[in-house]
Structure formats: structure tokens, C-alpha cells
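The model shown is predicted, which means the values in this text are computed figures rather than measured ones.
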Amino acid sequence: QVQLVESGGGLVQAGGSLRLSCAASGRTFSNYVIGWFRQAPGKEREFVSAINGSGGDTVYRDSVKGRFTISRDNAGNTVYLQMNSLKPEDRAVYYCAAAGPTYVYGRVHTGSSQYNYWGQGTQVTVSS
């Protein structure tokens, strides 16, 4: 079992920044791909970004490329999502999820069905 707890959400003005954290407990953290998803009101949950166990492979949805950065600290069992230049359309509940256990140097996953552990989510609100 892997338990995930997100933090760092909040209210920010457009153009501002937030850093989300995903703290994990449980088994060997580096054996899990960690992904960030988000769900806006009235919309389906969508993929945002993911990082493999080593941190050497990352992927982003097109709309956040150049603004969001995912990273991980395996010693601290935490994954971060640095969000800069936030836009009102980034407003959503952000969830982190874990897929694994898997090869540390494996590829990342972008489909929500590939993740077997989920956090409770953290709200991000961007005012215009």
C-alpha cells in the first residue's frame, strides 16, 4: 500500500505561482511513477504531468509546458509540482497518483487507469 497526501494548494492571482507537494508513505517510493492530475468543476479529470522513479523521465500536458515543473525527492518520499504563470483555466482540484511498483528507470504513464493509488486532492484557485 502507498498513501499519498497532497498539500500546497490555495488561492493565487493570475500570473502567480504555487508549489504542490505529494508526500508518500508505504513501500519503496522510487519504484513508483508519480503523476499529477486535475479536475475542474464540471469537467473530467485530466492528466497534468508525471515523473518516473529515477526522476529522469517526465511528461507534461501541452497547456502547462514551460510553466509547470515536476520533480521528486526520493529520500524524502515527496514529489513536487512547481506551477508558475498560473492562469484562471488552471483552477482545479489537483491529485497526485502512484503507479507501481515498477522499474525505476521505466517510462512514465499518462493514463489515469494506469495509476493504482490516489491522494485526496488539493484545491488550486486562480483569480483573474
side-chain contact (heavy atoms from CB on, under 4.5 Å) assessment of Ser54 paired with Tyr105: CA-CA 6 Å; Ser54 71; Tyr105 297 99; 3.5 Å; yes

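- Linking ILVMFWY side-chain heavy atoms closer than 4.5 Å, directly or via other members, places Tyr80 and Leu18 in two distinct hydrophobic clusters.
- Note: Ile34 CD1 to Ser71 OG = 12.0 Å, rounded to the nearest 0.5 Å.
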Verdict with reasoning, Ser25 to Asn77, per side-chain contact (heavy atoms from CB on, under 4.5 Å): CA-CA 7 Å; Ser25 61; Asn77 280 18; 5.7 Å; no

Criterion side-chain contact (heavy atoms from CB on, under 4.5 Å) on Asn52 and Thr102, from CA distance to verdict: CA-CA 9 Å; Asn52 74 343; Thr102 188; over 6 Å; no

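- Counting only heavy atoms from C-beta outward, the side chains of Met83 and Tyr94 approach each other to under 4.5 Å.
- Within the 4.5 Å cutoff, the side chain of Phe68 has no heavy atoms near those of the Gln82 side chain.
- Pairs of residues two or more places apart, or lying in two chains, that qualify as side-chain hydrogen bond (donor to acceptor under 3.5 Å, both in side chains) and include a residue from residues 4-23 are Ser17-Asn84.
- Hydrophobic clustering places Trp118 together with Val33 (ILVMFWY residues linked when any side-chain heavy atoms are closer than 4.5 Å, directly or through intermediates).
- Residues Trp36 and Tyr32 share a hydrophobic cluster, clusters being chains of Ile/Leu/Val/Met/Phe/Trp/Tyr side chains in contact below 4.5 Å.
- With values rounded to the nearest 0.5 angstrom, Ser63 atom OG is found 7.5 Å from Lys87 atom NZ.
- In this structure, Thr58 and Ile51 approach most closely via the heavy-atom pair CG2-CG1, 3.7 Å.
- Nearest approach of Gln3 to Gln1, heavy atoms of both residues: NE2-CB, 3.5 Å.
- In terms of heavy-atom proximity, Thr78 sits nearest to Ala23 at OG1-CA, 4.2 Å.
- Salt bridge present: Lys65 and Asp62 bring a charged side-chain N and a carboxylate O closer than 4.0 Å.
- Taking the centre and axis of the six-membered ring of Phe29, the NZ or CZ atom of Arg72 falls inside the cone set by 45° and 6.0 Å.
- A ring-centre distance under 6.0 Å is found for Phe47 and Phe37.
- Between Ala14 and Ser128, the closest heavy-atom pair is CB-CA, 4.3 Å.
- Thr110 contributes atom OG1, which lies 14.5 Å from atom OH of Tyr60 (distance to the nearest 0.5 angstrom).
- Pairing each heavy atom of Leu4 with each of Cys22, the nearest pair is CD2-SG, 3.9 Å.
- Looking only at distances, no side-chain donor or acceptor of Thr125 sits under 3.5 Å from a matching main-chain atom of Arg91.
- In this structure, Asn31 contributes its side chain and Gly53 its backbone to no donor-acceptor pair below 3.5 Å.
- No continuous path of ILVMFWY side-chain contacts below 4.5 Å connects Val93 to Val12, so the two sit in separate hydrophobic clusters.
- Residue Asp57 comes nearest to Gly106 through the heavy atom pair OD2-O, 4.2 Å, listed as atom of the first residue, atom of the second, then distance.
- A continuous path of hydrophobic side-chain contacts links Val2 to Val79 [ILVMFWY only; heavy atoms under 4.5 Å].
- Between the CD1 atom of Ile70 and the OG atom of Ser49 there is a distance of 3.5 Å, given to the nearest 0.5 Å.
- Applying the salt bridge (charged side-chain N to carboxylate O under 4.0 Å, His left out) test to every pair with at least one member in residues 45-56, sequence neighbours left out, gives these pairs: Arg38-Glu46, Glu46-Arg61.
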Thr69 vs Leu81, side-chain contact (heavy atoms from CB on, under 4.5 Å): CA-CA, chis, key distance, verdict: CA-CA 6 Å; Thr69 303; Leu81 185 67; over 6 Å; no

